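Written out below as C-alpha cells is the structure these notes cover.
Here the structure is a predicted model, which means the values were calculated and not measured. Below, each value reflects all heavy atoms present in this structure, side chains not excepted, and no hydrogens, waters or symmetry copies. The first residue of the sequence shown is numbered 1, and numbering continues consecutively from there.
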Amino acid sequence: MDEKDMRNLLSGRLYIELQIFRYSVLQCTKEEIYSRSFKIEAFVNMYEIFLEDIQNLNEEAAYKLLTRSGGILEFLYQEWLAREDGILDELKLHVDEELLKIIQKDEVDSGKEHEDGECFDKAA
C-alpha cells in the first residue's frame, strides 16, 4: 500500500468517525445537542482542517493514525480541551473594555445640557 492509498484510507476513517459522531448527536435531546454545540463545531472544524493537511502526512504518520485505537477526532478534541489558551482572557478583556466605553459614554451623555441650559430628561 502506498502513501496515497493510506491517505485515502485515513480520509475515509475520519469521515466515518465524523458520521458516527453526528449520528450519536442526532440521537440526543435538543438540550443535549445544545450543550454539545462546542464539541460539534470543534469536530467539524478539526475534520476539515485535517483533510486540508492530510497531503502533508508521510506514510509512517498516516500508518500510525490508521492503526491508532480510539477515535482520532475525539483524541484531538480532548487534547484541545486540555490546552491552555487565552481566548477567555481575551474575551473578558474585550467585554470589560466595551462595558467601560458604554459606562463612560452614558456618563458623558447624562451630563449634556440643552442649548438653553436645561439638562436632557432621560424619560421621554
Checklist entry - How would you list all residue pairs meeting salt bridge (Lys or Arg N to Asp or Glu O under 4.0 Å) that involve residues 58-69, not counting sequence neighbours? => result Glu60-Lys64
Next on the checklist: If hydrophobic residues (ILVMFWY) are linked whenever their side-chain heavy atoms come closer than 4.5 Å, directly or via other members, who joins Ile16 in its cluster?
Outcome noted: Ile20
Next on the checklist: Can you tell me how far apart CD (Glu97) and CD1 (Ile102) are? Round to the nearest 0.5 Å.
Outcome noted: 12.0 Å
Checklist entry - Does the side chain of Leu14 reach to within under 4.5 Å of the side chain of Leu18, using non-hydrogen atoms? => result no
Item to check | Any residue meeting salt bridge (Lys or Arg N to Asp or Glu O under 4.0 Å) with Arg36, in chain and number order, not counting sequence neighbours | outcome: none
Item to check | Gap separating the CD1 atom of Ile33 from the OG1 atom of Thr29, nearest 0.5 angstrom | outcome: 7.0 Å
Item to check | Gap between atom CG of Leu66 and atom CG of Leu9 - 0.5 Å precision | outcome: 5.5 Å
Checklist entry - So, are Arg83 and Glu79 salt-bridged, with charged N and O less than 4.0 Å apart? => result no
Next on the checklist: Using the salt bridge (Lys or Arg N to Asp or Glu O under 4.0 Å) criterion, which residues pair with Glu32? Sequence neighbours excluded.
Outcome noted: none
Checklist entry - Mind checking what makes side chain to side chain donor-acceptor pair (under 3.5 Å) contact with Asp96, not counting sequence neighbours? => result Lys92
Checklist entry - Among all residues two or more places apart in sequence or in another chain, which pass the side chain to side chain donor-acceptor pair (under 3.5 Å) test with Asp5? => result none
Item to check | Residues Gln19, Tyr23; criterion side-chain contact (heavy atoms from CB on, under 4.5 Å); working and verdict | outcome: CA-CA 6 Å; Gln19 295 311 310; Tyr23 179 79; over 6 Å; no
Checklist entry - Excluding sequence neighbours, so at least two apart, what forms side-chain contact (heavy atoms from CB on, under 4.5 Å) with Phe38? => result Tyr77, Trp80, Leu81
Item to check | side chain to side chain donor-acceptor pair (under 3.5 Å) partners of Gln104, counting only residues at least two apart | outcome: none
Checklist entry - Which residues satisfy the salt bridge (Lys or Arg N to Asp or Glu O under 4.0 Å) test with Glu98, sequence neighbours excluded? => result Lys101
Scan the side chains in residues 42-57 for donor-acceptor partners under 3.5 Å anywhere in the protein, sequence neighbours excluded, and list what turns up.
unit_1 : atom_1 : unit_2 : atom_2 : d
Asn45  : ND2    : Glu41  : O      : 3.2
Asn45  : ND2    : Glu41  : OE2    : 3.3

Checklist outcome for this item: Residues pairing under salt bridge (Lys or Arg N to Asp or Glu O under 4.0 Å) where one sits in residues 16-26, two or more places apart or in two chains, turn out to be Arg13-Glu17
Item to check | Approximate separation, where rounding is to 0.5 Å, of Leu65 CG and Ile72 CD1 | outcome: 5.0 Å
Next on the checklist: Taking salt bridge (Lys or Arg N to Asp or Glu O under 4.0 Å) as the definition, give me every residue that meets it alongside Glu74, ordered by chain and number, with sequence neighbours left out.
Outcome noted: Lys39
